[in-house]
S.K.: 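Mind looking over this structure? Questions follow.
Computed from a predicted structure; not experimentally measured. Values reported hereafter were calculated over all heavy atoms of this structure, with side chains retained and with hydrogens, waters and symmetry mates removed. In the text below, chain A, chain B and the rest are named by the order of the sequence lines, each starting its count at 1.
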Amino acid sequence: MRFYRSHILVCNATPCVLKGSRAVQAALTEEIERNGLEQEIKVVETGCLGLSECGPIIVVYPEGTIYANLTPQDASEIVREHLLKGKIVERLLYRAPQAARMPSVALPESPVLARQQRIVLRNVGLIDPTSIEEYVASNGYEALGKAFSMSPEQVIDEIKRSNLRGRGGAAFPTGIKWEAARNASGEPKTVICNADEGEPGNFKDRIIMEGDPHSVVEAMVIAGYAVGAHKGYIYVRGEYKQAINKLNKAVTDAKSKGLLGEDILGSGFGFDIEVFRGAGAYVCGEETALIESLEGRRGESMVKPPYPPTHGLWGAPTVINNVETLANVPQIILNGSDWYNSIGTERSKGTKVLTPCGDVLQPGAIEVPFGITMREVLYEIAGGTKSGKEIKAVLVGGPSGVCVGRESLDRRFAYEDLSPGAGALIVIDEDKCIVDLIHNCLEFFVHESCGQCVPCREGTKRMLDIADRWVSGEGKPEEVRLMQELAKNLAVSSRCGLGQFAGTAFVTSYNLFEDEYHAHLAEHECPTNICAMRNGRRMSNG
Amino acid sequence: MKNRETTVKSAPRVNVANIKAIVAKHNALRGNLLPVLHEVQAEYGYLPKEALATIATEMNIPLSEVYGTATFYSLFSTSPLGRHVIRLCNSAPCHIEGSRAILQAIKEELDLEPGETTEDGQFSLQLTSCLGLCGVAPVIMVDDDVYGNLTPEMIPEILAKYRQEEG
């Protein structure tokens, strides 16, 4: 490997690309060559640093200087001043929006990163995700070697003792899932990575796959070894083109290095991975629907039990884990379950990637230990609201999650307190209408219901019909009870989570904002003037 | 005035041998139905009826099931689409950040409702669920390109790029 005196990391995650990071990268490369520095300075493409609002972003190492909001015209100044003269270009420094007076010079000290504890995002933004060498250089595939020195039972035991739970929202203990699949009879066993991230407001899995795809590949081989599977699928939603490309590259590179295929690292254990592209169906994030889809069918969920660890893909034992769950695995194997248990709260171990979005100043993916309060996340890390007004409500986990208000700001994210679901924090400020937001969530569920079970297909539709009237000034106060009944029936009689949780946001928001609902239903007024402005015109999912 | 079902571009004739080759490439196992549909859709811009029939025969799956699968997923279309497909995210984060105004701007620019294709066959407009780009909401995708942090004023310029492409 060549030695470079400086590295320039260019964030090439989708949001930065949108803002022109490729042109900035080209300009930097050109300037470096013009100054004859190409032997000394390397330009590297990386994943998202979680500062998407300020893209295009670069980080200059070894100093860790972050420059933000760049244009191609800034390249010559950075090369001339910083790389040739060693002077920081003050005017281009990244400034945390919440502390605009104080430029953050070094990456670890930026307010967004200082409060984080990055385990699954540890490499994201710091290594070139398309380079297996860089992953290996940051201890990549070391956990795999360590796992091979243990028995499969010991690996499962370590994961069980770490108390790692599923990060896709359901929080099922990962070790117990693995053990069930290991003990189940039937062949061939399969490991599936659920990368069908579709819950609105969630994009953590995309950030991991785009920024550190090998962490998922390594974890799947470990999972395969533990449960006795030799085949893995990464089921990625069809819209995530960049993630699919990065994963395919990672799988190809791992194969060429003997980290996938037969007799991995001389262990005698063989494992292969196929990246499978979904085709646009939210319900396929539900594990039984995902399996149907992998089998070439409509993505309709199945009655459970039996569960996938005993009856999964093609009827054989199957482990399905979320991307973030898997990305934790190599670090747990490497550092031990005691280390993992030292992070978080008594009953929620480790970290969680959260994605504050909506009306927050600094949306993005952040990784924090369990136990952090919502106030710390939304005000100290995400910088409060864009408008500077008070936070009115947060959909924790997304439309399938719960709606909470300001009174919950001091609650802690933990399974025993406020469960973060998959991690979305959809924030609205005081100027937004809660009825309008819930109406939008119901549109989503109607559009995404797979339609096979009646409570969900009909229930979501009826709820939307009622909400349609509420946002166009035709609601009646007595419809609240009907809506609550529908939500309750959906919760108890739907086949899968889509229907079961479709009414939760309404029920929880009604408890908090009864007055606002009352204004819509009894007075036919929208206090924030959002519904009134619609004049009965609505977006339909035509 | 706008087309929903009719052929809006000179739909390529389905080449049966070509479809057979695609199936053979993935091999005819049932689990490869989605990869096959993806590739046929990429080739023809949609999934023509004749193609679905060939896939059904070659893969030994009832046509009803092939059709049922094809119509289940939002990225597949069984009717021809415009040369460029605009997908507008209207999930909660984009909604909060103003996707409705973006939709209005596109509707006005193209005289088009969601689900329709322009008369000249240039653009189809579809609403989509969350694209996972909530950090830069509101967002649209045109074909494979993503545009974020949108304001209604940006729409004419973005669409003009795709119009010009046709020269």
Side-chain angles (χ1 to χ4, degrees), chain A residues 14-15 17-19 48 50 52-53 55 197-203 205-206 237-241 276-282 293-300 313-314 355 357-359 363-365 395 398-399 424 426-428 432 436-437 440-441 443-444 447-448 450 534 539-542, chain B residues 4 29-39 41 59 61 65-66 68-77 87-97 99-100 102-104 107 113-116 125-137 139 141 144-150:
Chain A
T14 309
V17 172
L18 296 184
K19 293 180 163 191
C48 186
S52 1
E53 277 294 288
E197 183 172 60
E199 179 78 24
N202 286 288
F203 48 98
D205 295 339
R206 176 177 63 75
R237 64 177 300 191
E239 293 87 345
Y240 279 3
K241 276 276 175 69
F276 192 95
R277 186 177 172 214
Y282 164 75
S293 182
L294 259 181
E295 291 180 355
R297 298 170 204 281
R298 296 163 66 87
E300 293 174 347
L313 187 67
W314 307 113
T355 49
C357 59
D359 282 337
L395 284 177
I426 303 176
V427 175
I428 58 168
K432 301 295 185 324
D436 172 69
L437 179 65
N440 174 273
C441 293
E443 283 184 324
F444 169 76
H447 186 245
E448 295 298 340
C450 82
R534 298 167 78 158
M539 291 164 87
S540 68
N541 275 303
Chain B
R4 249 175 205 279
L29 293 175
R30 171 87 199 217
N32 290 326
L33 180 56
L34 261 66
V36 166
L37 292 175
H38 270 304
E39 195 163 334
Q41 164 113 6
M59 297 186 78
I61 305 169
E65 283 189 29
V66 174
T69 306
T71 51
F72 183 82
Y73 297 94
S74 66
L75 291 183
F76 296 141
S77 174
R87 292 191 163 86
L88 179 130
C89 172
N90 69 333
S91 287
C94 279
H95 177 75
I96 293 167
E97 295 299 296
S99 60
R100 195 183 297 132
I102 305 300
L103 176 65
Q104 199 52 42
K107 280 176 163 181
E113 292 292 322
E116 294 180 343
L125 174 61
Q126 298 183 346
L127 297 182
T128 175
S129 296
C130 187
L131 295 167
L133 297 161
C134 322
V136 288
V139 169
M141 269 178 98
D144 284 341
D145 309 327
V146 190
Y147 298 89
N149 285 328
L150 292 174

S.K.: State the OG1-OH distance between B/Thr128 and A/Tyr282, to the nearest 0.5 angstrom.
M.R.: 13.5 Å
S.K.: Knowing that exactly one of A/Glu199, A/Glu448, A/Glu239 qualifies, which makes a side-chain hydrogen bond (donor to acceptor under 3.5 Å, both in side chains) with B/Ser129?
M.R.: A/Glu448
S.K.: Counting distance only, does the side-chain N/O of B/Tyr73 pair as donor-acceptor with the main-chain N or O of A/Gly299 below 3.5 Å?
M.R.: yes
S.K.: Identify the two heavy atoms, one from B/Ser91 and one from A/Phe444, that lie closest to each other, and give their separation to 0.1 Å.
M.R.: OG-CD1, 3.8 Å
S.K.: Under a 4.5 Å heavy-atom cut-off, does chain B meet the side chain of A/Arg206, its backbone, both or neither?
M.R.: side chain
S.K.: So what's closer than 4.5 Å to chain B heavy atoms on A/Val17: side chain, backbone, both or neither?
M.R.: neither
S.K.: Could you tell me whether the side chain of B/Leu127 reaches within less than 4.5 Å of the side chain of A/Glu443, counting heavy atoms only?
M.R.: no
S.K.: Is the closest side-chain heavy-atom distance between A/Lys19 and B/Asn149 below 4.5 Å?
M.R.: yes
S.K.: Relative to chain B, which segment of A/Ser293 carries a heavy atom at a distance below 4.5 Å: side chain, backbone, both, or neither?
M.R.: both
S.K.: Can you name the closest pair of heavy atoms from A/Phe276 and B/Gly31 and give their distance?
M.R.: CE1-O, 3.6 Å
S.K.: Sequence neighbours excluded, which residues qualify as side chain to side chain donor-acceptor pair (under 3.5 Å) partners of A/Arg277?
M.R.: B/His38
S.K.: For A/Glu197, is it the side chain, the backbone, both or neither that has a heavy atom under 4.5 Å from a heavy atom of chain B?
M.R.: neither
S.K.: Which atoms form the tightest heavy-atom contact between B/Arg30 and A/Arg297, and what is the distance?
M.R.: NH2-CG, 3.4 Å
S.K.: Is there side-chain contact between A/Pro200 and B/Pro93, with at least one heavy-atom pair below 4.5 Å?
M.R.: yes
S.K.: Select, from B/Leu131, B/Val139, B/Leu33, B/Ile61, the one with the greatest count of heavy-atom pairs under 4.5 Å involving chain A.
M.R.: B/Leu131
S.K.: Please state whether the side chain, the backbone, both or neither of A/Asp359 comes within less than 4.5 Å of a heavy atom of chain B.
M.R.: both
S.K.: Report the option among A/Gly398, A/Gly198, A/Gly278 that has the most heavy-atom pairs separated by less than 4.5 Å from atoms of chain B.
M.R.: A/Gly278
